[in-house]
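Chain letters run A, B, ... following the sequence lines, proteins first, then strands; residues in each count from 1.
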Number of protein chains: 2
Amino acid sequence: MATIQDVAKRAQVGVATVSRVLNDSGYVKAETKEKIQRAIKELNYTPNAVARNLYHRKTGIAALLVPEISHPYFAEFIDAAETALYSYGYQCMICNTWREQNYEAHYLELLKQQRVDGIITGVHTLDIDRYRLIDRPIVALDRQLGDNIPCVAVNHEKGGRMAAEALIRSGCRKVLQVTGQSHVSTPSNRRHEIFEQVMHENGIECINYISKWNRFSYTDFRDAALEIAEKYTDIDGFFATDMTAAALIHTLYEKGRRCPQDFSVVAYDGTYVSSLPYPSLTTIVQPVSELASSCVDLLMKLVRGEKPETMNIRLDVEYRQGSSTL
Amino acid sequence: MATIQDVAKRAQVGVATVSRVLNDSGYVKAETKEKIQRAIKELNYTPNAVARNLYHRKTGIAALLVPEISHPYFAEFIDAAETALYSYGYQCMICNTWREQNYEAHYLELLKQQRVDGIITGVHTLDIDRYRLIDRPIVALDRQLGDNIPCVAVNHEKGGRMAAEALIRSGCRKVLQVTGQSHVSTPSNRRHEIFEQVMHENGIECINYISKWNRFSYTDFRDAALEIAEKYTDIDGFFATDMTAAALIHTLYEKGRRCPQDFSVVAYDGTYVSSLPYPSLTTIVQPVSELASSCVDLLMKLVRGEKPETMNIRLDVEYRQGSSTL
DNA sequence: CCGTTATATGGAACCCATGCCATATGAAAA
DNA sequence: TTTTCATATGGCATGGGTTCCATATAACGG
């Protein structure tokens, strides 16, 4: 590919003058400018951003670490984050960690090498300490990564409470919630603690089913739903994320149990998945787009060297009534 | 951040020697090596990939152009592509074009500047000519971009035929297919031509409904489904992509029409969405992961400067029986 | 003991831009 | 006429690595 030297040679000027034209800075005679622009076109020249980035010590790239891109929650998150980054003139790199420490660690190292200007991490497997050594701006989604890394999340306490209350209103007497198997304590796990607490306060038995999958795959959800259907025949209320909730409804339907007549379901997340099953899901909705743009806004602040007003952003959840509860 | 100069100074050696240690090349005394590694650790030094990339004239980055990240088809595609790229030691940049020429053009320019090593494009809005000037390796998903850009797609003719035959087997007498509004002729549009053709061969009336949305949003799909439900009351067979098919089933159900008793539906794509509605969808499945890894394999070949054996890769589609047809 | 080779290290050009500084010209001000 | 300033342009250090080449010492065979 042509370089600025080639352009300078062809236009018979110095590289500095070409640079001035490229960046529209300093004095350049109109005539000279034309000559240079002609040379640029003739050579199909495009400035090398790598060289620019080296000089300016910034890349214009931000990275997103997610456990799984095709999970609807993260797909929507990435979608919104990319759009927000674009509006800041930033490009977006994605890193799929598959919930594995190795991937996460390797990617962090890679991103540090690539000198990305900032990182938004939505993964939870790696130790906090590993993040300390990455001296780039970082924003965490749904995870507390120490004192100097801001955390963006929704109000999961409220979400867990809303879910519990919806099932109680729906008349449930014995409920089950499907929880993740996360080792680290994340804000999002709080919803399960609150959910259980509210149930106990109301004298309702609450079973915690710990999911075993670590891939987003409908067949895994179905398998879990089948196991639940066989093991717990007397549950009349479920709390799970969108996809698992959908799998539960379908699986139990095949066992002859109708939702919402025989049992109720409250889902969590509120991705488009919640409108697909029949009956449609009553869901606690996370404002994914707002989460993403908050992360990006915050990250851009860090990139500019500004101090964020708060290290903990908590957005509100929303209750969306579907047909899976009474 | 520390540079190789800092490391050299601290270890009291030349930068060349440090470089040798970093790249494990040439001769370095064990003692010196240790000294250098100590300095690296003490300074928390990480080599600057931007500088490396500049010298080597390659970035180790590939870019994915997609119309919309959160669309399940593309989310799964990106997911698989990222994984494949990772196995080649490549990082993945994503660009959301929202089906707009401006975004697509702007991103192409940006990617050229950033000197990404390769581009996989899954978007169709921009003129072919614009791709000629991007002298980087490109692979196109589902689109013919001239003679020297390879195209990866599924056998859409077969897909369209299978869909038609499924509806015929299901006893349909008047069918409707929901098509995109694409201006450019893409391999994927072929399925609609074949579908219509097969219907006519069998003396079955076929209506083409051209979708108006250009965002992936369930409410848009529902609106379209509502319009269809009201305008065409005598249709007993539908052909549409997963999400639209789901919306049709739900909307018609609310109008008192049961699937598959009163009408049949064949969906296209075969993302996880097809397992969510009730009844589950009979679908023509595109092997999205294989499409993605084919694109990546092909792109890596181009990056290495090899000539691909074929400029047209066609993968097979699969018929998956659900409960939305008889 | 000397020429040859393996080992060990550093200097400097190179990758491709940017932008400071030096230099040169023409015009306006003094 | 001389000083001053706006205009115009080019040279070169800089950013942070890599690698070729030059140089130096130690080990080895003859």
Between [X] and [Y], does any side-chain N to carboxylate O distance fall below 4.0 Å?
X: B:K301; Y: B:E309; value: yes
X: B:R132; Y: B:D129; value: yes
X: B:R99; Y: B:E68; value: yes
X: A:D117; Y: A:R57; value: no

Worksheet item: Judged by modelled atom types alone, do B:Y103 and B:T125 share a side-chain donor-acceptor pair under 3.5 Å?
Response: no
Worksheet item: Are the side chains of A:N96 and B:T83 in touch, meaning some heavy atoms are under 4.5 Å apart?
Response: yes
Item to complete: Please examine the side chains of B:I4 and B:Y45, heavy atoms only from C-beta on, and report whether any two atoms are closer than 4.5 Å.
Response: yes
Using a cut-off of 4.0 Å on non-hydrogen atoms, how would the nucleic acid contact of [X] be classed: base, sugar-phosphate, or nothing?
X: A:V50; answer: nothing
X: B:N53; answer: nothing
X: A:T32; answer: sugar-phosphate
X: B:S19; answer: base

Worksheet item: Between the side-chain atoms of A:R52 and the base atoms of D:dG15, is any donor-acceptor pair under 3.5 Å?
Response: no
Worksheet item: Does a distance-only test, which skips hydrogens and angles, find a donor-acceptor pair under 3.5 Å between the side chain of A:R20 and the base of D:dG10?
Response: yes
To the nearest angstrom, how far is [X] atom [atom1] from [N] atom [atom2]?
X: A:K35; N: D:dA8; atom1: NZ; atom2: C1'; result: 12 Å
X: B:E31; N: C:dT7; atom1: CD; atom2: C1'; result: 14 Å
X: A:K33; N: D:dT9; atom1: NZ; atom2: P; result: 12 Å
X: A:I4; N: C:dC14; atom1: CD1; atom2: P; result: 18 Å
X: B:K29; N: D:dT25; atom1: NZ; atom2: C1'; result: 10 Å
X: B:D24; N: D:dT19; atom1: CG; atom2: P; result: 13 Å
X: B:E34; N: C:dT9; atom1: CD; atom2: P; result: 12 Å
X: B:K58; N: C:dC16; atom1: NZ; atom2: C1'; result: 18 Å

Worksheet, complete the sentence: By nearest-nucleotide position on DNA chain D, the 5'-leaning member of A:G26 and B:Q5 is A:G26
Protein and nucleotides 22-26 of chain C: nitrogen or oxygen contacts under 3.5 angstrom:
none

Is [X] close enough to [N] that one of its side-chain N or O atoms is under 4.0 Å from OP1 or OP2 there?
X: A:Y45; N: C:dA17; result: yes
X: B:H56; N: C:dC14; result: no
X: A:N23; N: C:dT18; result: yes

Name the closest nucleotide to the [X] side chain, picking from [options].
X: A:R57; options: C:dT9, D:dG16, D:dT9; result: D:dG16
X: B:L54; options: C:dC15, C:dA12, C:dG19; result: C:dC15
X: B:Y27; options: D:dA8, C:dT9, D:dG11; result: C:dT9

Worksheet item: Mapping B:A30 and A:Y55 onto DNA chain C by nearest heavy atom, which one lands closer to the 5' end?
Response: B:A30
Side-chain donor/acceptor pairs under 3.5 Å, residues 47-56 of chain A, sequence neighbours excluded:
unit_1, atom_1, unit_2, atom_2, d
A:N48, OD1, A:V50, N, 2.7
A:N48, OD1, A:A51, N, 3.3
A:N53, ND2, A:A49, O, 3.1
A:N53, ND2, B:Q114, OE1, 3.4
A:H56, ND1, A:R52, O, 3.3

